[in-house]
Asker: 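What follows is a single structure, and I will ask about it in a moment.
Values below: every heavy atom of this structure, side chains too, minus hydrogens, waters and symmetry copies. So that the names make sense, note that chain A is the first sequence line, chain B the second, and so on, each numbered from 1. Remember, predicted model here, so these are calculated numbers, not experimental data.
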There are 2 protein chains.
Amino acid sequence: MSNASKSEKPIRVLIAEDQTMLRGALAALLNLERDIAVVAQAANGREALRLASELAPDIVITDIEMPERSGLELASDLKSGNGKARVIILTTFARPGYLRRALDAGAFGYLLKERPVSELAEAIRRVHAGLRVIDPTLAADAWNAGEDPLSDRERQILNRAGEGISSAEIAAQLRLSEGTVRNYLSDAINKLGATNRVDAARIARSRGWL
Amino acid sequence: MSNASKSEKPIRVLIAEDQTMLRGALAALLNLERDIAVVAQAANGREALRLASELAPDIVITDIEMPERSGLELASDLKSGNGKARVIILTTFARPGYLRRALDAGAFGYLLKERPVSELAEAIRRVHAGLRVIDPTLAADAWNAGEDPLSDRERQILNRAGEGISSAEIAAQLRLSEGTVRNYLSDAINKLGATNRVDAARIARSRGWL
DNA sequence: GCGTTTTCATGACATTTGTCATGAGTTGTG
DNA sequence: CACAACTCATGACAAATGTCATGAAAACGC
């Protein structure tokens with residue numbers, strides 16, 4: 001047995017990322033690091049959760065926008081579960097709202113795909129050592145961008161409106177009156193300083209509020 | 001010294017991809033292949049064109065959606081230039097319109113980021129050997145999806161409308177009357193079987209026509 | 001040069017969207 | 001409990017959007 005005094009066991013990592021090529025490439029490169037071992041890969045959030053509870057990795061690297069279950073949901077799931085895995089979010093999007101939600105969901109790291117792989121390896125080591133790692137570009141932005149002013153209903157409705165669904169359709173889907181839907185949209189447009197529903201949806205998305 | 005008789009010169013590859021992490025990871029992995037050498041990397045189309053004419057690579061791997069100059073434009077540029085580089089498009093999007101435009105622009109390969117890295121290496125070898133490589137998922141789709149029914153003007157207007165810009169604004173930008181803009185949009189909505197401008201933009205984008 | 005397509009325009013009309021005032025029931029927090 | 005925030009609704013009006021008919025000029029292919 002003998003637990004070596006210096007702790008030579010590699011950091012066990014799980015990667016959740018829906019894009020196969022990136023997922024495979026990251027796994028291959030991280031495995032070249034002597035102190036890191038990629039123990040599993042998942043192409044969606046649900047799969048990742050299953051594998052995480054089965055394999056109990058130290059670190060879970062996850063994208064945000066994935067099918068089945070988003071990376072933010074995954075982070076929540078893992079926090080409320082009984083595993084010890086710490087989550088590092090790895091995403092394309094420098095959206096303040098995403099960062100904030102990631103931290104709320106208990107993530108320990110937030111890194112952009114704009115950075116080189118070496119930084120990912122470094123982030124893994126830091127987070128494993130108990131530190132938090134936030135992309136410097138975002139750390140500043142996040143606060144001056146302000147809170148998400150939208151209510152749940154507004155988000156729900158704005159999301160559909162942004163895809164070109166008519167007020168009448170949205171009302172039917174959510175079992176509301178059409179006037180109500182228009183009212184929510186009017187509020188949302190106002191809160192976001194937009195000129196119409198599509199503009200509002202665009203703005204909300206760009207901040208990571210949808 | 002000694003140039004071995006069996007032709008041991010590696011295939012010289014340039015990678016154009018705006019996402020740093022993927023770009024770096026691909027370069028690292030491809031460089032592990034004995035017969036492939038990544039001679040340069042670019043983060044946008046303009047940069048890629050410059051490096052290509054300077055270094056004369058055998059193969060250019062390029063993403064489509066990039067700043068400065070898209071991968072499709074890059075392919076065109078390279079075709080009309082005097083280099084010998086063959087282009088392989090590497091993209092997230094399984095959009096028939098993109099494939100068609102890629103082939104029109106003289107691309108030799110069209111591969112999705114949904115595939116493993118090994119297939120990319122294989123595609124490089126095949127294209128270098130003079131073959132064309134089209135992702136099988138798409139080869140079928142491309143034809144039954146039909147032609148882009150939109151005129152240039154319609155595309156131009158629909159694109160703006162899809163971002164939430166009002167008819168009046170679009171008219172001002174393009175120096176048209178507002179009625180004209182609405183007419184174009186009405187036509188586009190009709191051609192695409194959409195219910196409104198936003199829906200139309202969504203459909204056109206999903207097919208790679210915008 | 002003739003037909004087709006594209007471009008651009010007007011006007012008129014129906015529909016959808018956005019705004020505002022107003023009010024009632026629910027939920028949550030201090 | 002009071003206050004605030006959220007939810008849902010109506011009605012009325014203004015503005016933007018979508019449809020249709022119609023026509024004229026330019027560009028393109030054959």
Asker: From CG of A/Leu185 over to P of C/dC20, roughly how many Å is that when rounded to an integer?
Answerer: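 Rounding to the nearest Å, CG of A/Leu185 and P of C/dC20 are 15 Å apart.
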
Asker: Can a donor-acceptor pair be found between the side chains of B/Ser186 and B/Arg197 at a distance below 3.5 Å?
Answerer: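 Note: B/Ser186 and B/Arg197 side chains miss the donor-acceptor criterion.
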
Asker: Sequence neighbours left out, what pairs pass salt bridge (charged side-chain N to carboxylate O under 4.0 Å, His left out) with at least one residue falling in residues 38-47 of chain B?
Answerer: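 Residue pairs with at least one partner in residues 38-47 of chain B: B/Arg46-B/Glu68, B/Glu47-B/Arg50.
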
Asker: Should the pair A/Asp199-A/Arg202 be classified as a salt bridge under the 4.0 Å nitrogen-to-oxygen rule?
Answerer: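 Result for this pair is yes, salt bridge flagged.
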
Asker: Collect all protein-nucleotide pairs involving nucleotides 3-7 of chain D in which both atoms are nitrogen or oxygen and the distance is under 3.5 Å.
Answerer:
{"from": "D/dT7", "atom 1": "OP2", "to": "A/Ser151", "atom 2": "OG", "distance (Å)": "2.7"}

Asker: Decide yes or no for A/Arg160 and A/Glu169: does some side-chain heavy atom of the first lie under 4.5 Å from some side-chain heavy atom of the second?
Answerer: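 With C-beta onward as the side chain, the pair stays apart.
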
Asker: Is a donor on one side and an acceptor on the other found under 3.5 Å between the side chain of A/Arg115 and the backbone of A/Leu120?
Answerer: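 The answer is no, because no donor-acceptor pair under 3.5 Å joins these two groups.
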
Asker: Please tabulate, one pair per line, all N/O donor-acceptor pairs under 3.5 Å involving side-chain atoms of residues 55-66 of chain B, not counting sequence neighbours.
Answerer:
{"from": "B/Asp58", "atom 1": "OD2", "to": "B/Arg12", "atom 2": "N", "distance (Å)": "2.8"}
{"from": "B/Asp63", "atom 1": "OD2", "to": "B/Lys113", "atom 2": "NZ", "distance (Å)": "3.4"}
{"from": "B/Glu65", "atom 1": "OE2", "to": "B/Tyr98", "atom 2": "OH", "distance (Å)": "2.7"}

Asker: How far apart are the closest heavy atoms of A/Leu192 and A/Ala204, and which atoms are they?
Answerer: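 Between these two residues, the closest heavy atoms are CD1-CB, 4.1 Å.
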
Asker: In residues 160-174 of chain B, which ones come under 4.0 Å of DNA chain C, going by heavy atoms?
Answerer: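 Close to the strand, none.
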
Asker: Rounded to whole angstroms, how far apart are CD1 on A/Ile189 and P on D/dA16?
Answerer: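 In whole Å, D/dA16 P and A/Ile189 CD1 are 12 Å from each other.
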
Asker: State whether the number of non-hydrogen atoms from other residues, nucleotides or ligands found under 6.0 Å of B/Arg205 atom CZ is greater than 12.
Answerer: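 Yes, the 6.0 Å shell around CZ holds more than 12 heavy atoms from other groups.
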
Asker: At a cut-off of 3.5 Å, list every protein nitrogen or oxygen paired with a nitrogen or oxygen from nucleotides 10-12 of chain D, distance to 0.1 Å.
Answerer:
{"from": "D/dT10", "atom 1": "OP2", "to": "A/Ser177", "atom 2": "OG", "distance (Å)": "3.4"}
{"from": "D/dT10", "atom 1": "O4", "to": "A/Asn183", "atom 2": "ND2", "distance (Å)": "2.7"}

Asker: Select from A/Val198 and B/Val181 the residue whose nearest nucleotide in DNA chain C is closer to the 5' end of that strand.
Answerer: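 Residue closer to the 5' terminus by nearest nucleotide: B/Val181.
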
Asker: List for me each residue that meets side chain to side chain contact (heavy atoms under 4.5 Å, CB included) alongside B/Arg23, sequence neighbours excluded, and say none if there are none.
Answerer: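 Scan of B/Arg23 (side chain to side chain contact (heavy atoms under 4.5 Å, CB included), adjacent residues dropped) gives B/Ile15, B/Glu17, B/Thr20, B/Gln41, B/Ala43.
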
